[in-house]
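Here is the naming used below: chain letters follow the sequence lines, and residue numbers restart at 1 for every chain. Keep in mind that this is a model prediction, so the values were computed, not measured.
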2 protein chains.
Amino acid sequence: MQDIARKAGVSSATVSRVINQSGYVSSETRKKVEAAIQQMDYVPNSQAVSLKTGSSKTLGIVASNFSDTMMVLVRSFTLAAQQEGYTVTFYITDEDKQKELDVLEMLRGKRLDGIFLLIRLNDWSAIEPYAKYGPIVTWQRVDSNHIASVYMDQYHAYTLGLEHLYASGCRSIVNLYSNSHGLNTKSRIKAYEDFCTRHLLPVHSADLFMGLNTSRDGERVAQWWLEQSVKPDAFMTSSDSVAAGLVTQAQRLGCHLPEDFSVIGFDNIEISRLLDISTIDYPVAKQAKNAFALIFHQLTNREVFLEPLDFQLISRKTTKN
Amino acid sequence: MQDIARKAGVSSATVSRVINQSGYVSSETRKKVEAAIQQMDYVPNSQAVSLKTGSSKTLGIVASNFSDTMMVLVRSFTLAAQQEGYTVTFYITDEDKQKELDVLEMLRGKRLDGIFLLIRLNDWSAIEPYAKYGPIVTWQRVDSNHIASVYMDQYHAYTLGLEHLYASGCRSIVNLYSNSHGLNTKSRIKAYEDFCTRHLLPVHSADLFMGLNTSRDGERVAQWWLEQSVKPDAFMTSSDSVAAGLVTQAQRLGCHLPEDFSVIGFDNIEISRLLDISTIDYPVAKQAKNAFALIFHQLTNREVFLEPLDFQLISRKTTKN
DNA sequence: TTGTAGGCGTTATCAC
DNA sequence: GTGATAACGCCTACAA
């Protein structure tokens, strides 16, 4: 910067003003400075800027693993952030609690301005203290005054799916849950229990079908179904990936859907459209967009627009009617 | 840092030594300093460190858009980088040449230590000059002394697929190419032409099937096939995504594979396994790992191990035999 | 083994 | 309008 200041015959302060379009600078000197910048092929050192301003213009997105749904989140969040000049760094904690804490530390270390936490590993009590170093927004539901969430209650969305199955004649529905400790799962279990009570149906235990996340998991469930003497007539799944595995494996095993059993996915990502799987359209991309908006708001105090979150059932070919 | 130096009764230099485990420091003072760090809950400002050291310990991964294959690359690259203490930032250029240049500028601006470029938008001549500011490794093939590549020639892999189709009786093969300007596509066209010459088959024009990247594109091809009076009996695709769209739409339209026509995907990602699509297992994850290794090597001069790259045909149910 | 001090490349507060 | 100059928080010769 000194070099170009010298070349333009001004001081580095003026160069700074030109670059940041701040303060007064005559259009004449501005021209000179800009010319010098061009000639010397100068580019500001962003580390120095960050050190001075105290902001890295970088946001972190943290996930414990990788799934198609998360990719949608990453994509949408990144796009929104780029729009406002933020850069997004992606961290895979790989089920390692320490790694999650490491990322949180980066908030303190000024490496990150904010964090979008998809799936947490540590207790909220361990995460919450970091909120004072920068905005943390989570995808999962959380009870905290310091951590915002783009969470959307799954109770009603899930109920919608269950009622759709009931209306099409299903009376023995099995629920495939993902992580057992999440509040989303709790909501779903509650929705299922209420549903059973409402229709005087027997409630089956939830424990058997926990921790199902991938298409491989779904495939195993198809196998399981075949081996049962008393077979359920429908599956509510936690994600389209699981549903996709279930559906394709069932077809491989000679089953016909929805005659043999019905399946409802969750999230409405590409694969469910491809495979004609009925699913709940859950506004994942909008959640990510809102996550950025919330972080941006906390960072800048600027007004932001939050997309309304809604869901709907998309009836395709793995459910009757 | 001054604060904790004061608290420990030493100078900031000593604190720095303790933190970086560099230079001499008696175990006694080290204890004191560490205690102070604990108590004051101190964490170094990474921007200041970066400014001083000239390295941000951050790598960029640049893609023009999002596809399943790229997600595999991102995942594998990120994991490898995290292993060595690097952080990975993800940039979507969204087909915008300027955005790509912006990322390249970050290399100059010291925001990025290195770049893994998946799909380039600008001419190599515009990209190459940036290599002097930091390592650039590309996924695509490139002829440059300054830009390394984890590219793997697709000629032989593609030929393998074509010969498999020929052996199973296909004589009228249509190639679905992705981007028309890439060297990969050129290799594939060459492979196809040589294949035709070898077997005395007529060569069809390549122009018709360029720019096919997504499952939607694949679906359109299925529709196209149905409308032809003289129908080809096989498709070689540029990715499993395209193949997946083609296969599912064909089934929707009442076609039977591989009786009506054969399909071979590319990359062997999850969806091809799910849909039983024959494909070429292409070592995408290894390429990403190597990309990091190459960058790491240029950055640190340390010895690195490069995974050998190989491919194979995975025969599933969209090809005969 | 430890301390002093200069500088990394900016931004921002003053004077002028 | 513009120019000194003091931080920002850290690392690292060089001295002691």
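A/Asn290 places no side-chain N or O within donor-acceptor distance of the main-chain N or O of A/Leu306, the cut-off being under 3.5 Å. Of the possible polar contacts, one joining the B/Asp113 side chain to the B/Lys57 backbone as a donor-acceptor pair under 3.5 Å is found.
Applying the 6.0 Å contact sphere to CD of A/Gln98 captures more than 12 heavy atoms from other residues, nucleotides or ligands. Taking a 6.0 Å sphere around CD of B/Glu95, one finds it holds more than 12 heavy atoms contributed by other residues, nucleotides or ligands.
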B/Ile19 and B/Tyr42: CA distance, side-chain angles, deciding distance, side chain to side chain contact (heavy atoms under 4.5 Å, CB included) verdict = CA-CA 11 Å; B/Ile19 290 170; B/Tyr42 164 82; 3.5 Å; yes
request  = Verify side-chain hydrogen bond (donor to acceptor under 3.5 Å, both in side chains) between B/Glu105 and B/Tyr130, making sure each step is shown before the conclusion.
outcome  = CA-CA 8 Å; B/Glu105 283 294 333; B/Tyr130 287 95; 2.7 Å; yes
query = Can you list the steps and then say if A/Val62 with A/Leu112 is a side chain to side chain contact (heavy atoms under 4.5 Å, CB included)?
reply = CA-CA 12 Å; A/Val62 188; A/Leu112 257 28; over 6 Å; no
key: Verdict with supporting geometry, A/Asp102 and A/Lys99, salt bridge (Lys or Arg N to Asp or Glu O under 4.0 Å)   = CA-CA 5 Å; A/Asp102 290 346; A/Lys99 284 192 186 166; over 6 Å; no
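Annotation: side chain of B/Phe90 is not in contact with side chain of A/Phe77 (no heavy-atom distance under 4.5 Å).
Going from atom CD of B/Gln2 over to atom P of C/dT4 covers 10 Å, rounded to whole Å. Atom CD1 in B/Ile4 sits roughly 14 Å away from atom P in C/dT2 (whole-Å rounding). The nearest whole Å value for the distance from the CZ atom in A/Arg17 to the P atom in C/dA12 is 11 Å.
Contacts between residues 46-59 of chain B and DNA chain C, counted as heavy-atom distances below 4.0 Å, involve B/Leu51, B/Lys52. Residues of residues 19-43 of chain B that place a heavy atom closer than 4.0 Å to DNA chain C, in numerical order, are B/Tyr24, B/Val25, B/Ser26, B/Thr29.
For the residue pair B/Ser64 / B/Thr93, no side-chain donor-acceptor distance below 3.5 Å is found, with atom types taken as modelled.
Between chain A and DNA chain D, the heavy-atom contact criterion of under 4.0 Å yields a 5' to 3' nucleotide range of D/dG1 to D/dG9.
Using a 4.0 Å heavy-atom cutoff across all strands shown, B/Ser16 reaches at least one base atom of the nucleic acid. Across all strands, A/Met1 comes closer than 4.0 Å to base atoms (heavy-atom distances).
Nearest heavy atom pair, residue B/Ser11 against residue B/Ala5, reads C-CB, 3.6 Å.
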